[in-house]
There are 2 protein chains.
Amino acid sequence: MENIITKYKEKGLRLTPQRIAILKYLDGNTGHPTADNIYRDIKRRYPTLSFATVYNTLQTLKEHGGIMEITIDSMRKHYDPNTTPHHHIICVDCNEIWDVFEDYSKVLRLPPHLTREVRIAGAHVDFYGLCRKCQKRKGVKM
Amino acid sequence: MENIITKYKEKGLRLTPQRIAILKYLDGNTGHPTADNIYRDIKRRYPTLSFATVYNTLQTLKEHGGIMEITIDSMRKHYDPNTTPHHHIICVDCNEIWDVFEDYSKVLRLPPHLTREVRIAGAHVDFYGLCRKCQKRKGVKM
DNA sequence: TCTAAATTTAGAATAATTATAATGTATGGA
DNA sequence: TCCATACATTATAATTATTCTAAATTTAGA
């Protein structure tokens, strides 16, 4: 968090109250919020906050390595302030997302013809399944 | 392809010219088309085709295991008629998608606390990087 | 051929996100 | 401390992908 603010200043980005509020909201947030989640929460304290600011800030944060954009949910983007490489699990029913801090980098090998085609920068694994709550709610035998 | 049509009939689904055209478009298609790709192509022969029909058909196909929905591209959904489990590479610049037919199921292990939280149904690996064309276009040293 | 139920269609509606242009403000230097 | 200005924020409109609706059409089986 502190280092994100420091980074912000270093890059000549301005620290506005809205940005600070968004940074604080994201700091240590493991809930994988959407732009809408962030907007709604901060709007309470900054009633003039607009979506454009939320999206702008997320964009800048993304560009400066402050957050990860998660595409596991096809409905909307989620954001993760934890930028150490990790993976995710999504519940196909309620769309809740969990973090997976396992290092698969050694085992995710690609055949040569593909590494020739694309210079691979990284990989992330999307696990999907039904969470406990949804199993219960749907009456799945456990 | 043939078996999809057979499946369709078995499930009491009707074979309309539009559906057949969409099935044929998808059959063996390794280009990971979007709904828009499909719509534009088939519209030429069926000028009254509507997006609703494309989305409806994709939905039914998905439900009956005829296609996979790919979420690797945060901009739009892509569809893959190859439903054998496999993975993808996306070029972060041009968004072209390649198939990865490697079996990682044995190596993608999860810690126990997560398998208790979610009953895992599967996993999908998204590789990302810069493809050869885009490296060249952007003047990346190779 | 007839009919019921499924499907298609045009068009409107929704939701997420981005663009625009005017207004406001953080920040470094006088 | 004050100012200028470049950067940010805002309201609003626009865009894009997708879904919904209700009416018209078509399929497939009797």
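Because the structure is predicted, anything quoted here is derived from the model rather than measured.
Taking the six-membered ring where tryptophan is involved, the planes of B/His124 and B/His88 are tilted, since the angle between them lies from 30° to 60°.
Qualifying ring pair (Phe, Tyr, Trp, His ring centres under 6.0 Å) partners for B/Tyr25, counting only residues two or more places apart in sequence or in other chains: none. Scanning for salt bridge (Lys or Arg N to Asp or Glu O under 4.0 Å) contacts around B/Lys43 gives an empty result, with sequence neighbours left out. With sequence neighbours excluded, the residues satisfying salt bridge (Lys or Arg N to Asp or Glu O under 4.0 Å) with B/Arg137 are B/Asp93. Partners of A/Thr48 by side-chain hydrogen bond (donor to acceptor under 3.5 Å, both in side chains), not counting sequence neighbours: none found. The ring pair (Phe, Tyr, Trp, His ring centres under 6.0 Å) search around B/Phe127 returns none, not counting sequence neighbours.
The phosphate of D/dA8 has OP1 or OP2 within less than 4.0 Å of a side-chain N or O from A/Arg19.
The stretch residues 43-56 of chain A touches DNA chain C through A/Ala52, A/Tyr55, each having a heavy atom under 4.0 angstrom from the strand.
Taking atom NZ of B/Lys77 as the reference point, atom P of D/dT16 lies 18 Å away to the nearest angstrom. Distance, A/Asn37 CG to C/dT17 C1': 15 Å, rounded to whole Å. Nucleotide D/dT16 holds its P atom 10 Å from the CZ atom of B/Arg40, rounded to whole Å. Rounded to whole Å, atom C1' of C/dT18 lies 18 Å from atom CZ of A/Arg76. The interatomic distance linking A/Glu69 (CD) with C/dA16 (C1') rounds to 12 Å, in whole Å. Regarding A/Gln59, its CD atom lies at a distance of 15 Å from the C1' atom of D/dA8, rounded to whole Å. Look at CG on B/Asp73: it is 15 Å from C1' on D/dT18, rounded to the nearest Å. Protein atom CE of A/Met75 is 10 Å distant from nucleotide atom P of C/dA16, rounded to whole Å.
With A/Asn37 contributing its side chain and A/Thr34 its backbone, the two residues share a donor-acceptor pair below 3.5 Å.
Listed by first and then second residue, the side-chain hydrogen bond (donor to acceptor under 3.5 Å, both in side chains) pairs involving residues 104-117 of chain A are A/Asp103-A/Ser105 (not counting sequence neighbours). Within the structure, every pair that satisfies the salt bridge (charged side-chain N to carboxylate O under 4.0 Å, His left out) test and touches residues 28-37 of chain B, not counting sequence neighbours, is listed here: B/Asp36-B/Arg40.
Two end axes, each from the C1' atoms of five base pairs, can be drawn for the helix from C/dT1-D/dA30 to C/dA30-D/dT1; they diverge by 30°, to 10 degrees.
B/Phe101 belongs to no hydrophobic cluster with other residues, because no ILVMFWY side-chain heavy atom falls under 4.5 Å from its own, directly or through intermediates. As a member of the Ile/Leu/Val/Met/Phe/Trp/Tyr network built from side-chain separations under 4.5 Å, A/Met68 groups with nothing else and remains a singleton.
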Table of protein N/O atoms under 3.5 Å from nucleotides 24-30 of chain D N/O atoms:
residue : atom : partner : partner atom : Å
D/dT27  : O2   : B/Arg14 : NH1          : 2.8
D/dT27  : O2   : B/Arg14 : NH2          : 3.2
D/dA28  : OP1  : B/Leu15 : N            : 3.0

